[in-house]
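So the structure is just underneath, and the comments pick up after that.
Whatever order the structure lists ligands and atoms in, that order sets their numbers, starting from 1.
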Amino acid sequence: MAEHSNGGRTALVIGGGLAGMLAVTALTGHVDTVTVVERDRYPHGRAFRKGVPQARHLHILLSGGRHALEELLPGTVAALTEAGARNLYLPRDLLTRTPAGWQRRFDERRHPTLSVTRPVLDAVVRERALRAAAGSPTRVEVLEATEVIGLTGNADRVTGVRIRARDGAAGARAERELPAGLVVDASGRGSRTPQWYAALGRPAPEEETVDSGLAYATRMHRPEDPDAAPDVGVNVPGRPGCPRGAAYVPVEDGNWLLTLSGVRGHHPPTDPAGFTAFTATVGDPYVHELLARAEPLTPVHGFRDTCNRRRRFERPGALPEGLLVLGDAGCTFNPVYGQGMSVAALGALAVRGTPAARGGPRPGVAAEAQRAVARAADTAWLAAVGADRPYADGDGARAGLGERLGTWYLDRLTVRAAIDPVVGAAFRDVVCLTAPPARLVTPRVLLRTVLLPRRPALPAPPAVVEPL
Ligand SMILES: Cc1cc2nc3c(=O)[nH]c(=O)nc-3n(C[C@H](O)[C@H](O)[C@H](O)COP(=O)(O)OP(=O)(O)OC[C@H]3O[C@@H](n4cnc5c(N)ncnc54)[C@H](O)[C@@H]3O)c2cc1C
């Protein structure tokens, strides 16, 4: 990492959300100072804030992300559980309606996921990341209510950022520059780095998008009789014949989040009556029945920008020295696959293993870290765009022969995974981001997927857990 003029090794993180705090963790102990610039002022307690609008919606942390989070910040899973996060093992604790019927509940225990609201998750991670840094030689400063409005430097090297305070007296709100040896963009899906490139005299990075046009609508509920409510989540994803879905999961404080989703022409309504009526039109009536015995606690919140978008900062020449892009700022996913937070954690873990985190002025260290971040996103990207391509229009809809073959195989595999423990385990390893896609084409999985006849899954939500 380039040395700052004061002789120290300095890093600056744009955005103090999940990826930003995990970037702090990846750099802790390796650099002298990290400055986090966060547009919002953090709320007191574990409350919703404006800078993370998606936080109103259901968020599941997959086992791949959970392992990465725990490796970065040991003890965080226990702290989240203490804060009320629910541990849901897949497939045992998430009743899932696949296109072929209900998935069998194998007692597999390979994939523990966490179900918790984002305000709680973000607050716990932030507290622990800052506490870990406080016990290290790295000094961390967080500038709240301060916005990054541009990058400084030139086409070859980023040397810092331009910032502006968002509140305070007019003088305090004047624009100023903050120099840094390494700038990490963790500003989320609204990142302006591609636009800021123009001011540096660089072309924007290449961008790939596949947009299924999915919209979300979410409302928090509480079962009228908690003892009568299932102790597990319910997932009825949309499918080609019925592209409307519902996911109803327990979170902290005995509450349940219900998120409805639908592609173009099937967007879930955000008025209460329409929202409830929509639950009767998804692929199975079970969620609708459960809702009749639950009380709504919040208004319905909608969300529409669910495009899969990947900016190719890792490609040769796409990144100036001194810049790294992490989390949604580099790659966003259709949220229905529950991958974004896990990819942010896997990316931060990958950064921690590179020379960029360990400092050192060698040219190319940020580019090397960016390639590691990109590799950490590959499996999630392939899974999301493969599944979404049939719904996308325009350029994003054109798939090559390889991808079409992949989609055919994956369709068949998904059906098999619902009833077959061997295929199911491989499927979950990949979608939970603990194994690469090659796991889906091992001889055993391939033979069971292609040669065994298609069979229906279960006709109703299974009450019984099946031992392996
Ligand atoms: C509806 C929905 C549901 C989702 N469900 C899941 C799920 O189930 N599981 C899952 O793993 N992922 C899910 N995701 C994805 C997940 O929300 C993101 O992947 C995750 O929040 C990425 O973290 P981040 O830190 O990159 O961005 P964010 O969490 O969005 O944080 C960005 C931060 O940067 C700050 N910021 C922005 N611009 C500036 C600036 N110019 N200057 C200073 N600060 C700035 C913001 O205030 C914010 O604090 C979902 C996404 C959506 C949209």
For ligand 1, what is the set of protein residues having any non-hydrogen atom at a distance below 4.0 Å? Ile14, Gly15, Gly17, Leu18, Ala19, Val37, Glu38, Arg39, Arg49, Gly51, Val52, Gln54, His57, Leu58, His59, Ile60, Arg118, Thr146, Glu147, Val148, Ala186, Ser187, Gly188, Arg189, Tyr216, Phe303, Gly327, Asp328, Pro335, Gly338, Gln339, Gly340, Met341, Ser342
Determine whether Pro179 and Thr152 make a side-chain contact, defined as any pair of heavy atoms from C-beta on separated by less than 4.5 Å. no
Could you work out, with side-chain hydrogen bond (donor to acceptor under 3.5 Å, both in side chains) as the rule, every residue matching Gln370, not counting sequence neighbours? none
If we only count heavy atoms from C-beta on, is the Val161 to Glu147 side-chain gap below 4.5 Å? no
Any donor-acceptor N/O pair, Arg428 side chain to His111 backbone, under 3.5 Å: no
For the residue pair Trp256 and Tyr248, does the interplanar ring angle fall in the parallel (under 30°), tilted (30 to 60°) or perpendicular (over 60°) class? tilted
Leu326 side chain reached by Leu324 side chain, heavy atoms, under 4.5 Å: no
